[in-house]
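Worth knowing before you read on, the calculation uses all heavy atoms, side chains too, and leaves out hydrogens, waters and symmetry mates.
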Amino acid sequence: MPRLYLKSWGSSSNQVWTYRILAPHERVPVWQEHSTKGIAYHAHLYTRIAAGQENDEIERWLDNDFESPQRNRSRRRFPIPV
């Protein structure tokens, strides 16, 4: 999931509430706040090996055609306070 989408659900400190389906102990809270940088995110998800080298053509295409334009539109609609 792109972090851009998570940020729109996060607090001013880029924290979102997450629900743990499996908690190691009953005292561990099932709802916790986590940074958008650390959840539902995997770097190089679409990077593949072609001719013995990493090829991130799909990653760049998704970023250039979808994520970056949406990021720019979202910033205009919902400015993030600094």
Side-chain angles (χ1 to χ4, degrees):
M1 171 177 287
R3 268 189 278 181
L4 171 67
Y5 302 132
L6 288 174
K7 284 183 178 182
S8 64
W9 293 95
S11 64
S12 60
S13 60
N14 287 329
Q15 300 276 316
V16 293
W17 286 98
T18 59
Y19 181 82
R20 293 181 66 138
I21 295 173
L22 299 173
H25 190 273
E26 63 186 29
R27 292 185 182 159
V28 174
V30 291
W31 285 99
Q32 293 180 327
E33 276 192 299
H34 286 94
S35 168
T36 57
K37 292 181 180 179
I39 61 166
Y41 176 77
H42 181 67
H44 306 292
L45 181 62
Y46 298 104
T47 299
R48 54 197 169 118
I49 304 296
Q53 294 187 338
E54 286 187 357
N55 181 331
D56 64 349
E57 178 182 341
I58 296 172
E59 292 272 350
R60 289 193 313 265
W61 172 70
L62 287 170
D63 185 51
N64 292 335
D65 289 7
F66 298 99
E67 293 180 20
S68 291
Q70 181 61 36
R71 184 179 309 119
N72 293 334
R73 283 192 291 273
S74 293
R75 283 184 184 149
R76 287 193 297 265
R77 276 192 222 137
F78 308 105
I80 298 172
V82 180

Given side chain to side chain contact (heavy atoms under 4.5 Å, CB included), test E54 with I49 step by step and report yes or no.
CA-CA 5 Å; E54 286 187 357; I49 304 296; 3.7 Å; yes
Of Q15, Q32, H34, which meets side chain to side chain contact (heavy atoms under 4.5 Å, CB included) against I39?
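Testing I39 for a side chain to side chain contact (heavy atoms under 4.5 Å, CB included) against Q15, Q32, H34 leaves exactly one candidate, H34.
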Of L62, N64, I58, D63, which is the lone residue that meets side chain to side chain contact (heavy atoms under 4.5 Å, CB included) with R60?
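Filter result, single survivor: N64.
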Honestly curious: do L22 and V28 fall in one hydrophobic cluster under the side-chain, below-4.5 Å linking rule?
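As far as the 4.5 Å side-chain criterion goes, V28 and L22 are not connected within one cluster.
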Could you walk me through whether E33 and S13 pass the side chain to side chain contact (heavy atoms under 4.5 Å, CB included) check?
CA-CA 10 Å; E33 276 192 299; S13 60; 5.6 Å; no
